[in-house]
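Worksheet for the structure shown next.
Reckoned from all heavy atoms, side chains included, excluding hydrogens, waters and symmetry mates.
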Amino acid sequence: MPQLIFIIIVIGGCWLLYKRFVRDAQRLQRKMHRQETERRTGAIGTLVKDPATGEYRVKRDDE
């Protein structure tokens, strides 16, 4: 019985690590795509509009 519990914990941990890896890879892919688009168009940064104030600002990396 303890072996079964250990195997379940290991499989769960591996699954969580895999999901985290996929999430980080997708975030990196979006960042690289945005940088490539900015390089191609000659833009310095991507602007986003703040819905509350209506002002534009440069998009941060964590968005």
If you measure from [atom1] on [X] to [atom2] on [Y], what distance do you get to the nearest 0.5 Å?
X     : Y     : atom1 : atom2 : value
Thr41 : Glu36 : OG1   : CD    : 9.5 Å
Arg57 : Leu47 : CZ    : CG    : 10.0 Å
Ile9  : Ile5  : CD1   : CD1   : 7.0 Å
Gln26 : Arg30 : CD    : CZ    : 6.5 Å
Met1  : Gln3  : CE    : CD    : 10.0 Å

* Would you check if Gln35 and Arg39 make a side-chain contact, meaning some heavy-atom pair closer than 4.5 Å? => no
* Structure fact -> Heavy-atom closest pair (Arg60 atom, Arg34 atom, distance to 0.1 Å) is O-NH2, 4.3 Å
* Asked: Is the backbone of Asp50 close enough, under 3.5 Å, to the side chain of Glu55 for a donor and an acceptor to pair up by distance?
  -> no
* To do: In sequence, state the C-alpha distance, the side-chain angles, and the governing distance for Leu16 and Lys19, and then conclude on side chain to side chain contact (heavy atoms under 4.5 Å, CB included).
  => CA-CA 5 Å; Leu16 289 174; Lys19 296 300 271 185; 5.7 Å; no
* To do: Assess whether atom CD of Gln29 is packed by more than 12 heavy atoms of other residues, nucleotides or ligands within 6.0 Å.
  => no
* Working for side chain to side chain contact (heavy atoms under 4.5 Å, CB included), residues Val58 and Thr46 -> CA-CA 6 Å; Val58 177; Thr46 302; over 6 Å; no
